[in-house]
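To keep things clear, I will list the structure first and then write my remarks on it.
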Amino acid sequence: MSIRVRFAPSPTGDLHVGGARTALFNWLMARKSGGTFILRVEDTDGARNTAEAAAGIIKGMRWLGLDWDEGPEVGGDCGPYFQSQRKNIYDAYFKKLEDAGRVYAEADGAMRFKFSRTAITVHDLVCGDVTFAPTEEPDMTIRRPDGSYIFHFVNVVDDIEMRMTHVLRGEDHLSNTWKHIDLFNAFGATPPTYAHIPLILNPDGSKMSKRDEGSAIEHSYMNAGFLPAAVFNYLCMLGWTPKAESEKLSREELTALFDADAIHSSNAKFDLKKALWFNAQYLRELSPEELLKHGRTFLAAKGLTWTDDAMAAAAVHSVREKVSLLTELPEWVHYFFREDYPFEADVVTKLKAKPENAGLLKAAAEQLAQTAEWTEQSVHDAVEAAAKALSVKPGAMMPLLRFALSGQSRGPGVTTIAHLIGKEKTLARIERALGEVVENAV
RNA sequence: GACCCCUUCGUCUAGCGGUUAGGACACAUCCCUUUCACGGAUGCGACACGAGUUCGAUUCUCGUAGGGGUCGCCA
């Protein structure tokens with residue numbers, strides 16, 4: 001039988017890391033087996049659900065590259081995929097329970113499901129067999145007085161209706177799973193195979209929730225300068241260890257390696273530093289064009305504009321090993337995009353520090369002015385020649401040029417900067433630095 | 001309170017009776033180097049505790065402690 005799995009979020013807020021990883025594992029399982037991945041929106045709580053939240057969850061999943069075979073926007077044979085539109089189905093299932101004498105009404109009209117009160121064992125891929133003794137809990141409410149249904153009921157009905165074979169979900173559901181199995185049994189249906197995955201905790205061990213740093217996909221990752229591939233990869237490492245040499249694995253490799261049995265049973269703390277490391281790894285592998293594509297909005301957000309995409313791509317690519325987040329790009333490359341770049345305080349100090357600096361810069365400029373061909377190598381040779389003529393090391397001249405050309409004390413190679421901005425701007429910038437900073441020295 | 005899950009370096013983890021307890025991130029030092037990074041090397045650093053079982057426990061069992069979860073007309 002072909003595997004059918006689902007991600008069933010309730011649209012009460014942003015897509016959360018925990019939810020994203022649950023979706024991820026389900027997606028991996030489906031893709032590995034050639035099965036079906038379903039997105040089902042559990043919007044049965046009219047008071048808390050919003051259309052914006054549903055749209056946000058979909059946006060987050062698309063960003064991560066988690067496409068679904070059945071669900072909102074794509075349809076499928078088991079729809080509708082919004083629980084708020086499936087009332088007739090729930091009514092029919094409710095009737096079955098009613099006919100079997102398994103429900104009864106409360107004074108206010110709420111309906112409860114009569115538990116079987118037998119020992120129930122959950123067969124779980126992650127936790128093993130977990131047996132719950134006959135419960136003493138009150139029977140559970142499955143329908144509100146207004147006729148709308150409760151999570152446990154619709155969740156089970158839909159898992160039956162949508163023919164789910166496996167249910168991979170957060171471990172917070174484990175304690176309630178016996179109730180679901182009780183319902184499956186009452187319907188005469190076979191429960192799916194469960195896999196309760198460990199929770200993602202804050203660094204301090206507390207449960208990670210909406211407000212916590214690193215928790216919301218859109219806010220903490222999408223808008224924070226992460227690459228989807230890096231987040232995809234990092235999230236997989238929380239609670240699962242693929243049998244591979246490296247932890248850095250592509251979507252395809254992770255899919256091929258996925259094994260629900262290998263998912264851990266202990267919770268994992270979120271580690272931003274490691275997430276950043278993954279992102280940095282992915283960032284530096286991007287081609288100039290890809291890096292510009294991903295960095296575009298972040299550059300624009302800082303007011304940087306350009307007309308030459310190739311030049312812009314080369315600029316961001318030149319600092320790819322220096323940043324771990326796309327949001328860091330502007331501060332590293334802004335001077336490639338404008339001539340009125342500011343001079344950092346320590347740069348001003350260093351330029352003014354030694355009286356011979358002006359002479360060194362002028363000598364470099366003169367040599368550079370005579371350079372016909374403009375490549376990184378020719379720039380390098382020119383600086384070397386200028387330095388040699390003054391009997392100083394190129395190492396004494398390079399930093400000064402860096403200060404002049406970028407206004408910063410750190411960045412890509414000086415020859416790279418000069419080559420990218422071109423001869424004309426290189427000379428003009430040295431001129432500007434000489435006039436505005438160096439010769440202003442008292 | 002009851003029930004359920006969990007417990008190896010700071011963090012993510014490998015380990016499935018005998019290992020100098022391995023790797024990754026982080027951190028520190030060194031090398032490379034026109035800066036910052038990258039890269040390379042080295043170092044720091046863990047089996048929660050107590051009983052059992054066993055010739056031998058990180059590994060199996062029980063207990064304790066600690067962490068997390070569930071017990072809603074939320075999902």
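- Backbone-only contact: Arg284(A) has heavy atoms under 4.0 Å from sugar-phosphate atoms and none from a base.
- In this structure G1(B) sits in a base pair with C71(B), meeting the Watson-Crick or G-U test at under 3.5 Å.
- A ring pair (Phe, Tyr, Trp, His ring centres under 6.0 Å) with Tyr221(A) holds for exactly one of Tyr234(A), Phe232(A), Phe278(A), Phe226(A); it is Phe226(A).
- Nucleic acid contact for Ser265(A): sugar-phosphate only, since backbone atoms but no base atoms lie under 4.0 Å from a heavy atom of the residue.
- Distance Leu272(A) CG to C25(B) C1': 11 Å, rounded to the nearest Å.
- Distances from the side chain of Ile150(A) to the nucleotides U13(B), G68(B), A75(B) place A75(B) closest.
- Counting non-hydrogen atoms under 4.0 angstrom, Thr12(A) reaches nothing in the nucleic acid.
- Taking every side-chain heavy atom of Asn176(A) into account, C71(B) is the closest of C71(B), G68(B), C73(B).
- Using a 4.0 Å heavy-atom criterion, one finds that Lys350(A) contacts no nucleic acid atom at all.
- Taking every side-chain heavy atom of Pro145(A) into account, C73(B) is the closest of C12(B), G69(B), C73(B).
- If you measure from atom CG of Asp271(A) to atom C1' of C27(B), you get 12 Å, rounded to the nearest angstrom.
- Which of A75(B), C4(B), G68(B) sits closest to the side chain of Phe132(A) comes down to C4(B).
- Of the candidates G10(B), U13(B), U34(B), the closest approach to any side-chain atom of Met398(A) belongs to U34(B).
- Among the heavy atoms of the strands, none lies under 4.0 Å from Lys248(A).
- Asn267(A) has its CG atom 9 Å from the P atom of G68(B), to the nearest Å.
- Scanning atom types as modelled, no donor and acceptor separated by under 3.5 angstrom connect the side chain of Lys274(A) and the base of A26(B).
- Screening Arg117(A), Arg102(A), Lys114(A) for a salt bridge (Lys or Arg N to Asp or Glu O under 4.0 Å) with Asp139(A), the sole residue that qualifies is Arg117(A).
- With rounding to whole Å, Gln281(A) atom CD is found 8 Å from C25(B) atom P.
- Base-pair partner of A41(B): U29(B) (Watson-Crick or G-U wobble, both distances under 3.5 Å).
- Gly205(A) comes within contact range of the sugar-phosphate backbone alone, with a heavy-atom separation under 4.0 Å but no base atom that close.
- You'll find a donor-acceptor pair under 3.5 Å spanning the side chain of Lys322(A) and the base of C36(B), going by distance alone.
- Checked against C73(B), C74(B), U34(B), the side chain of Arg144(A) finds its nearest nucleotide in C74(B).
- Remark: the Arg144(A) side chain and the Ser148(A) side chain contain an N/O donor-acceptor pair separated by less than 3.5 Å.
- Contact annotation for Pro9(A): no contact, since no heavy-atom pair falls under 4.0 Å across all strands.
- One finds a side-chain N or O of His264(A) lying less than 4.0 angstrom from the OP1 or OP2 phosphate oxygen of U13(B).
- Figure legend. C47(B) is base-paired to no nucleotide; pairs are counted as Watson-Crick or G-U wobble with both atom distances under 3.5 Å.
- Considering only side-chain N and O atoms, Thr44(A) lies under 4.0 angstrom from the phosphate OP1 or OP2 of A75(B).
- Phe403(A) is not listed as a side-chain neighbour of Val414(A), based on a closest heavy-atom distance of 4.5 Å or more.
- Two residues are said to be in side-chain contact when any heavy atoms from C-beta on lie closer than 4.5 Å; Leu401(A) and Leu361(A) meet this criterion.
- No option in Ile217(A), Thr12(A), Leu15(A), Asp14(A) other than Leu15(A) meets the side chain to side chain contact (heavy atoms under 4.5 Å, CB included) test with Ile57(A).
- Distances from the side chain of Arg48(A) to the nucleotides C74(B), G68(B), C3(B) place C74(B) closest.
- If you check every strand for non-hydrogen atoms under 4.0 Å, Gly413(A) touches a base.
- Nearest-nucleotide positions on RNA chain B for Thr141(A) and Pro203(A) put Pro203(A) closer to the 5' end.
- The aromatic ring centroids of Phe7(A) and Trp27(A) lie 6.0 Å or more from each other.
- Searching all strands for a Watson-Crick or G-U wobble partner of C9(B) with both distances below 3.5 Å returns nothing.
- Side-chain atoms of Glu321(A) and base atoms of G39(B) include no donor and acceptor less than 3.5 Å apart.
- Base pairing analysis places C60(B) opposite G52(B); the two distances defining the Watson-Crick or G-U wobble pair are each below 3.5 Å.
- Distance, Trp332(A) CH2 to U35(B) P: 13 Å, rounded to whole Å.
- Closest contact between the side chain of Cys127(A) and the listed nucleotides C5(B), A75(B), U11(B) involves C5(B).
- Closest to the Arg402(A) side chain, of the nucleotides C73(B), A26(B), U34(B), is U34(B).
- Using a 4.0 Å heavy-atom distance criterion, Glu42(A) is classed as a sugar-phosphate-only contact.
- The Lys243(A) side chain lies nearest to G15(B) when the options are C12(B), G15(B), U34(B).
- Distances shown here put every side-chain N or O of Ser10(A) at or beyond 4.0 Å from the OP1 or OP2 atom of A75(B).
- Listed pair Lys269(A) / U11(B) meets the phosphate criterion, a side-chain N or O lying under 4.0 Å from OP1 or OP2.
- Nucleic acid contact class of Ser175(A) (heavy atoms, under 4.0 Å, all strands): base.
- Ala110(A) comes within contact range of at least one nucleobase, with a heavy-atom separation under 4.0 Å.
- The residue Val130(A) sits close only to the backbone: its heavy atoms come under 4.0 Å of sugar-phosphate atoms, none of a base.
- Salt bridge absent: Arg143(A) and Glu98(A) never bring a charged side-chain N and a carboxylate O closer than 4.0 Å.
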